[in-house]
Amino acid sequence: MSAKILVVDDDPAIRDILVRILQRENYTPITATNGLEALDKVLHESPDLILLDVTMPILDGFEVCKRLKDNERTALIPVTMLTGLDDREHRRRGVEVGADDFLTKPIEQSLLRARLRSQLRIKRLTDQLDRTESVIFMLALAVEAKDAYTEGHLRRLSSYSEQLAQAANLDHHQVKAARLGGLLHDIGKISIDDAILGKPSQLTEEEYNHIKRHPEEGARIVAPMRFASEVGPIIRHHHERWDGSGYPDGLRGEDIPMGARIVAIVDAYDAMMTDRPYRKSLGLEETLCRLRAGRGHEWDPDLLDLFIRLIEEGRLIEPDITDSRSQQERHL
């Protein structure tokens, strides 16, 4: 299928020229005459690339680009802004709102064709990554589905991790990494034998060592993801301990990535609060007692104190896990 390109310009003459060029190159053009119409077309048409004029009525190109880049659903669509000749201020503002490329008017056709090919090549690679990531997220759900005792565990950990990261005043990227880390932290268990995962009795040393490989396996599985550099360390290190006695690398204290420290706390909390094959839920009082006992030994003391305050003050919101699979997919 030919690439779908949205042309946004209030000047009909320029729109017509661009549409003819795109048709000659076998692209499928879509048009919008102003910023609001453009945002609506993006949602309904899902273009592969946007040619966006800077100066338009109702909503200018800068605001349109900013809204697109701030929305996770549309942030990866390449936006090429159409600017006046040598207009440095427009370019500066375009960079600030996340524009991917710039073309100056009047537009040189050979340059336009080259830029389109380049941006669409990047978009195809991004789409391939998106498909890879979708498979990885479905693998994470498959791990959860292997064990009826952990139904909703990933949804809860994703939510708890996000809430604790926000309470710790982490920035937007760290909060997102914590959320995804909570969702994907145990994806490495896809390689663990079901009989070991669901064993109702104590594990042998060999079985335990087998399970201890799952953080490294998980980090390897998510390596193709765009945000692997942020999420991979959370997955690899969520079983490290504050005193250095954890695995796989024996990291201690603040050497443990912040997101991994967050996931470690909420993972322990959720495990103690839910039924498992080898025991019933410990209940809130015993869970908090055990968390406090591990303060500064297993878990970051400051983060643990903050998490317990969220619980005791009734500020920790437990997500609704009804239809958890579809909710997790929407959560992404």
Using a strict 4.0 Å threshold on nitrogen-to-oxygen distance, state whether [X] and [Y] make a salt bridge.
| X | Y | answer |
| --- | --- | --- |
| R156 | D270 | yes |
| R309 | E312 | no |
| D255 | R252 | no |
| K66 | D70 | yes |
| D101 | R115 | yes |
| D53 | K105 | yes |

Student check: side-chain heavy atoms of [X] and [Y] closer than 4.5 Å:
| X | Y | answer |
| --- | --- | --- |
| P301 | R295 | yes |
| M56 | T33 | no |
| L36 | D40 | no |
| I5 | D48 | no |
| L180 | V222 | no |
| Y160 | I265 | no |
| H172 | V175 | no |

For [Y], does its backbone N or O pair with a side-chain atom of [X] as donor and acceptor, under 3.5 Å?
| X | Y | value |
| --- | --- | --- |
| K69 | A75 | yes |
| S158 | L183 | no |
| Q163 | I317 | yes |

(message) Less than 3.5 Å apart, any donor N or O on the side chain of E206 or T204 sitting next to an acceptor on the other?
(response) no
(message) Is it true that R179 and Q174 share a donor-acceptor pair across their side chains at a distance under 3.5 Å?
(response) no
(request) Tell me whether L112 is reachable from V54 by hopping between hydrophobic residues (I, L, V, M, F, W, Y) whose side-chain heavy atoms are closer than 4.5 Å. (result) no
(message) Rounded at 0.5 Å granularity, tell me how far CD1 in I187 sits from CZ in R220.
(response) 10.0 Å
(request) To the nearest 0.5 Å, tell me how far T80 OG1 sits from F102 CZ. (result) 9.0 Å
(message) The test is salt bridge (Lys or Arg N to Asp or Glu O under 4.0 Å); show your working for R15 and D10 and say whether it passes.
(response) CA-CA 8 Å; R15 284 200 313 273; D10 63 319; over 6 Å; no
(request) Run through H238, H237, H239 and flag the one making a ring pair (Phe, Tyr, Trp, His ring centres under 6.0 Å) with Y247. (result) H239
(message) Under 6.0 Å between ring centres: does that hold for H153 and H185?
(response) yes
